[in-house]
K.L.:
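Structure provided below as structure tokens; questions to follow.
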Amino acid sequence: MIRVVVVDDQTLVRQGIRGLLEVAEVDVVGEAADGRAALAVIERTTPDVILLDLRMPRFDGIWTIEQLRAADIDIPVLVLTTFDDDALVLGALRAGARGYLLKDVTLAQLTRAIHTLAEGGTLIAPSITDRMLRAIRSGPSPAGPNAPTVQSLTEREREVLRLVAHGYSNREIAGALFLAEGTVKNHVSTILTKLGARDRTNAVLRALHEGILD
């Protein structure tokens with residue numbers, strides 16, 4: 001059973017998410033009302049996935065993601081929020097979130113997203129993808145102006161990166177491309193090294209910025 005921590009400043013929302021996920025056989029092992037409290041809960045419970053709201057008093061969602069990265073805590077963060085502001089979306093993803101959903105999703109969509117992140121994938125709500133693409137492509141490269149381009153990847157690596165960008169886990173990529181899962185892991189590692197990307201999400205931002213998903 002996948003273990004999650006729910007971070008949201010509204011008690012009723014946390015309780016509602018807990019109740020829904022228990023029906024879907026996802027184990028909510030902890031709750032927190034802001035980022036600082038979340039760090040303590042996450043350290044104590046070591047969940048598989050963190051469900052995180054962005055707008056919280058004092059210590060918000062992006063602050064929390066940045067603190068997790070600074071502490072080298074590699075637990076996938078799924079942003080679950082009512083806000084679809086472009087700056088917030090990009091800020092959360094650039095900070096290190098691996099998924100972004102709005103709170104109008106169904107339980108089935110939320111459960112699938114949790115499983116996707118737990119298996120190493122990424123997931124962005126389709127309703128905000130087009131707007132995010134425009135925002136990313138009109139701005140500077142996520143890795144800076146002097147970084148290697150996606151064009152430096154081999155065709156196989158580009159295929160793997162396309163599937164990573166569509167939210168596939170390593171296991172799903174292996175099945176889609178008829179490769180061993182270990183081979184996919186090696187490809188992903190090489191992609192991150194070649195692009196100077198710190199994680200899969202940053203590599204996906206690079207792919208979106210350079211338009212390889214068209």
K.L.:
Of the non-hydrogen atoms in Ala32 and Val41, which two are nearest, and what is the gap between them?
P.N.:
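The pair with the smallest heavy-atom distance is CB-CG2, 4.3 Å.
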
K.L.:
Is a side-chain donor or acceptor of Ser189 paired with a backbone partner of Lys185 at a separation under 3.5 angstrom?
P.N.:
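Such a contact is absent between Ser189 side chain and Lys185 backbone.
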
K.L.:
Roughly how far, to the nearest 0.5 Å, is the CD atom of Glu119 from the CD1 atom of Ile173?
P.N.:
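Between atom CD1 of Ile173 and atom CD of Glu119 there are 11.5 Å.
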
K.L.:
With heavy-atom distances below 4.5 Å as the criterion, would you say the side chains of Val4 and Ile114 are in contact?
P.N.:
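When only atoms from C-beta onward are counted, Ile114 and Val4 do touch, with a gap below 4.5 Å.
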
K.L.:
As an exercise, state the distance from CZ of Arg156 to CD of Glu159, rounded to the nearest 0.5 Å.
P.N.:
4.5 Å

K.L.:
For Arg171, does the CZ atom sit with more than 12 other heavy atoms under 6.0 Å from it, leaving out its own atoms?
P.N.:
no

K.L.:
Between Arg14 (side chain only) and Val7 (backbone N and O only), is there a donor and an acceptor less than 3.5 Å apart?
P.N.:
no

K.L.:
Keeping the roles fixed (side chain from Thr64, backbone from Leu39), state whether a donor-acceptor pair exists under 3.5 Å.
P.N.:
no

K.L.:
Whether Asp8 and Lys103 form a salt bridge (side-chain N of Lys/Arg under 4.0 Å from carboxylate O of Asp/Glu) is what I want to check.
P.N.:
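Salt bridge between Lys103 and Asp8, a charged N being under 4.0 Å from a carboxylate O: yes.
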
K.L.:
Go through the steps for Glu157 and Thr190 under the test side-chain contact (heavy atoms from CB on, under 4.5 Å), then give the verdict.
P.N.:
CA-CA 8 Å; Glu157 289 162 355; Thr190 300; 3.3 Å; yes

K.L.:
Do the non-hydrogen side-chain atoms of Arg98 and Leu78 ever get within less than 4.5 Å of each other?
P.N.:
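They are not in contact (no side-chain heavy atoms under 4.5 Å apart), so the answer is no.
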
K.L.:
With heavy-atom distances below 4.5 Å as the criterion, would you say the side chains of Ile75 and Val5 are in contact?
P.N.:
no

K.L.:
In terms of side-chain geometry, is the basic nitrogen of Asp34 or Arg58 positioned less than 4.0 Å from the acidic oxygen of its partner?
P.N.:
yes

K.L.:
Report the C-alpha separation of Val188 and Arg200 in whole Å, then their side-chain angles, then the decisive distance to 0.1 Å, and conclude whether the side-chain contact (heavy atoms from CB on, under 4.5 Å) test is met.
P.N.:
CA-CA 8 Å; Val188 171; Arg200 295 166 69 104; 3.9 Å; yes

K.L.:
Should Leu80 and Val105 be marked as a side-chain contact (heavy atoms from CB on, under 4.5 Å) after you check the CA-CA gap, both sets of side-chain angles, and the distance that decides it?
P.N.:
CA-CA 9 Å; Leu80 184 63; Val105 296; 4.3 Å; yes

K.L.:
What's the spacing between Asp27 CG and Ile2 CD1 if we round to 0.5 Å?
P.N.:
10.5 Å

K.L.:
Tell me if the CD atom of Glu43 is crowded by more than 12 foreign heavy atoms within 6.0 Å.
P.N.:
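Count not over threshold, so no.
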
K.L.:
Which atom names give the shortest non-hydrogen contact between Val164 and Thr122, and what distance separates them?
P.N.:
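Val164 and Thr122 have their closest heavy atoms at O-OG1, 2.8 Å.
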
K.L.:
Testing the basics here: between Arg55 and Asp53, what is the closest heavy-atom pair and its distance to 0.1 Å?
P.N.:
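Residues Arg55 and Asp53, closest heavy atoms: O-OD2, 3.4 Å.
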
K.L.:
Give the minimum heavy-atom separation between Ala197 and Ala203, together with the two atoms involved.
P.N.:
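Closest approach of Ala197 to Ala203: CB-N, 3.8 Å.
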
K.L.:
Would you say that Leu54 contacts Val79 through its side chain, given a criterion of any heavy-atom pair below 4.5 Å between the two side chains?
P.N.:
yes

K.L.:
Would you compute the distance between atom CG of Leu163 and atom OG of Ser169 and round it to the nearest 0.5 angstrom?
P.N.:
10.0 Å

K.L.:
Looking only at non-hydrogen atoms, find the nearest pair between Val29 and Pro47 and report the distance.
P.N.:
CG2-CB, 4.2 Å

K.L.:
Can you confirm whether Ile50 sits close enough to Pro76 that some side-chain heavy atom of one is under 4.5 Å from a side-chain heavy atom of the other?
P.N.:
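No, side chains not in contact.
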
K.L.:
Decide, yes or no, whether a salt bridge links Arg162 with Glu155 under the criterion of side-chain N to carboxylate O below 4.0 Å.
P.N.:
yes

K.L.:
Output, in order, the C-alpha distance, side-chain angles, deciding distance and verdict of side-chain contact (heavy atoms from CB on, under 4.5 Å) for Leu195 and Leu161.
P.N.:
CA-CA 11 Å; Leu195 297 183; Leu161 182 53; 4.2 Å; yes

K.L.:
Would you compute the distance between atom CG of Asn170 and atom NE2 of His187 and round it to the nearest 0.5 angstrom?
P.N.:
11.0 Å

K.L.:
For the residue pair Leu153 and Lys194, what are the closest heavy atoms and their distance?
P.N.:
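Minimum heavy-atom contact is CD2-CD, 3.8 Å.
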
K.L.:
Donor-acceptor check, side chain of Asp48 to backbone of Arg3, threshold 3.5 angstrom: yes or no?
P.N.:
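Judged by distance alone, yes, a pair lies under 3.5 Å.
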
K.L.:
Any side-chain to backbone donor/acceptor pair from Thr183 onto Leu179? Under 3.5 Å, distance only.
P.N.:
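Answer holds: no.
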
K.L.:
Starting at CD1 of Ile73, measure out to CD of Gln67 and round the result to the nearest 0.5 Å.
P.N.:
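Result: 9.5 Å between the selected atoms.
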
K.L.:
Within the side chain of Gln15, is there an N or O that forms a donor-acceptor pair under 3.5 Å with the backbone of Leu12?
P.N.:
no

K.L.:
Would you say that Leu107 contacts Leu21 through its side chain, given a criterion of any heavy-atom pair below 4.5 Å between the two side chains?
P.N.:
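The answer is yes, as the side chains (C-beta and beyond) meet within the 4.5 Å cut-off.
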
K.L.:
For Arg112, is the CZ atom crowded, meaning more than 12 foreign heavy atoms sit under 6.0 Å from it?
P.N.:
no

K.L.:
With distance as the sole test, does Arg18 use its side chain to make a donor-acceptor pair with the main-chain N or O of Val28 at under 3.5 Å?
P.N.:
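At least one qualifying donor-acceptor pair exists.
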
K.L.:
A side-chain contact here means heavy atoms from C-beta on lying under 4.5 Å apart; do Thr11 and Glu31 qualify?
P.N.:
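Not in contact.
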
K.L.:
Please tell me if the side chains of Val184 and Leu177 come closer than 4.5 Å, counting only heavy atoms from C-beta onward.
P.N.:
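No, side chains not in contact.
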
